[in-house]
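Note sheet for the following structure.
If you're wondering where the values come from, they're calculated on a predicted model, not measured in any experiment.
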Amino acid sequence: MILEMKNIKKSFGSLSVLKGISLSVEKGEVVSIIGPSGSGKSTLLRCATFLETIDSGDILYLGKAAVSTDENGKAAYVPSAELRKMKSCYGLVFQQFNLFPHYSVLKNITDAPINVLKRPKDEVAAEAMVLLDKMGLGDKADAYPCQLSGGQQQRVAIARALAMKPEILFFDEPTSALDPELTGEVLKVIKQLAEDDMTMVVVTHEMPFARAVSDRVIFMADGYIVEQGSPEEVFGNPKEERTRHFLQNYQS
């Protein structure tokens, strides 16, 4: 099991956003998380990647606990040095690309493997060029983010995440900032990664994509997992009224 999240609770002040979410992801599995805005999908990803601290619950990567609930019912995180090691298990691709504007495409991809993983520069650069070719961007190594379309920037962001050789990739609405034509470019790349058995958790509003590429679909609403199952089960024959109501808005 690559990721296990058990009974995750998270509030912002008096607003309870995650109300006891449990989720596990196996190696090679593609999990799509769908649901209305405000249901807690992005917060769940931010908790899984330690960008937000949980109030209570357990998070394990590769069977090792990163966070566990202490005897007072509060989340206790492992020391920061251990947490840093855990962070090398995953990559995260954001809605807004988050590329360094003053770095070239190649430097955006190679910076972390060289400076964080302390890997040899030449080796990392060669791997980065292979990744850029895979993304259809082999000729953009020396370009800067401002010279790229949104779809190209997002593909650079995916290459940057892959350069760290993560066990699992998280995508938070990877196409929400893109127009329909550019959305297709990015979804094609994610689909190819799925075919290559990359383990992924994708928060998305692209229902046809979620249906085509996922091994498992999770429907979240109001801070709960309302329903989960295969794409055929969730899209083709949803059990819960809340799921049916949501999917009616996505007749495609």
Side-chain angles (χ1 to χ4, degrees), residues 2-3 23-46 48-49 90-98 131 134-137 148-162 166-221 225-240 242-252:
I2 290 185
L3 169 67
L23 164 71
S24 59
V25 184
E26 292 185 26
K27 188 170 177 58
E29 192 177 21
V30 179
V31 178
S32 289
I33 304 178
I34 62 171
S37 296
S39 57
K41 306 183 300 294
S42 291
T43 301
L44 182 64
L45 248 55
R46 292 178 66 81
T49 54
Y90 61 77
L92 176 58
V93 178
F94 298 89
Q95 296 178 19
Q96 298 292 344
F97 328 134
N98 288 21
L131 283 170
K134 193 172 181 177
M135 300 293 144
L137 296 170
L148 304 179
S149 72
Q152 290 171 328
Q153 288 185 60
Q154 191 60 297
R155 283 182 279 154
V156 173
I158 294 170
R160 179 179 63 180
L162 288 169
E167 297 282 344
I168 182 171
L169 263 187
F170 294 99
F171 293 87
D172 186 12
E173 298 277 15
T175 59
S176 66
L178 305 176
D179 66 36
E181 189 178 349
L182 300 179
T183 291
E185 296 175 5
V186 173
L187 295 181
K188 187 176 168 191
V189 166
I190 299 173
K191 200 167 184 181
Q192 181 60 56
L193 292 173
E195 288 167 9
D196 294 343
D197 289 328
M198 184 73 211
T199 310
M200 294 185 281
V201 177
V202 187
V203 169
T204 184
H205 59 274
E206 299 286 341
M207 298 302 136
F209 166 77
R211 189 169 192 162
V213 86
S214 310
D215 297 302
R216 183 156 46 101
V217 176
I218 290 172
F219 172 66
M220 280 181 68
I225 290 177
V226 176
E227 184 163 355
Q228 62 178 308
S230 69
E232 293 74 24
E233 289 166 339
V234 174
F235 288 105
N237 188 25
K239 295 182 181 71
E240 301 295 329
R242 186 73 184 79
T243 317
R244 285 197 290 273
H245 178 72
F246 173 76
L247 291 172
Q248 276 166 6
N249 299 320
Y250 283 97
Q251 293 303 337
S252 50

Atom pair [atom1] ([X]) and [atom2] ([Y]), whose distance is rounded to the nearest 0.5 Å:
X	Y	atom1	atom2	result
I190	E195	CD1	CD	12.5 Å
L3	I168	CG	CD1	5.0 Å
L187	T175	CG	OG1	5.0 Å
I225	L44	CD1	CG	7.0 Å
M220	T243	CE	OG1	12.5 Å
D215	S230	CG	OG	10.0 Å

Smallest separation among heavy atoms of [X] and [Y], with atom names:
X	Y	result
A177	Q95	CB-O, 3.8 Å
A157	V93	O-CG2, 4.2 Å
L169	P166	CD2-CG, 4.1 Å
A210	T204	CB-CG2, 4.0 Å
P231	S214	CG-O, 3.2 Å
V30	A194	CG2-CB, 3.8 Å

Should I218 and I34 be marked as a side-chain contact (heavy atoms from CB on, under 4.5 Å) after you check the CA-CA gap, both sets of side-chain angles, and the distance that decides it?
-> CA-CA 6 Å; I218 290 172; I34 62 171; over 6 Å; no
side-chain contact (heavy atoms from CB on, under 4.5 Å) with R155: of M135, K134, R160, only one passes, and it is M135
For a side-chain contact (heavy atoms from CB on, under 4.5 Å) with V201, tell me which candidate from L92, I2, L45 qualifies.
-> L45
Side-chain donor/acceptor of [X] to backbone N/O of [Y], under 3.5 Å:
X	Y	answer
R244	P238	yes
Q152	S149	yes
E227	E240	yes
E233	Q228	no
K191	V213	no
D172	F94	no
K27	M198	no
S39	P36	yes

Give the C-alpha distance, both sets of side-chain angles, the deciding distance and a yes or no for side-chain contact (heavy atoms from CB on, under 4.5 Å) between V202 and F209.
-> CA-CA 10 Å; V202 187; F209 166 77; 4.2 Å; yes
On the 0 to 90° scale, with breaks at 30° and 60°, tag the F170-Y90 ring pair as parallel, tilted or perpendicular.
-> perpendicular
Neighbour count >12 (heavy atoms, 6.0 Å) for atom CD, E26 = no
Heavy atoms, side chains only, cut-off 4.5 Å: are L137 and V156 in contact?
-> yes
Short side-chain donor-acceptor distance under 3.5 Å, T199 and E29 = no
Going through the distances and angles, do I158 and L193 end up as a side-chain contact (heavy atoms from CB on, under 4.5 Å)?
-> CA-CA 10 Å; I158 294 170; L193 292 173; 3.9 Å; yes
Run the numbers on F235 and L247 for side-chain contact (heavy atoms from CB on, under 4.5 Å), then give the verdict.
-> CA-CA 7 Å; F235 288 105; L247 291 172; 3.6 Å; yes
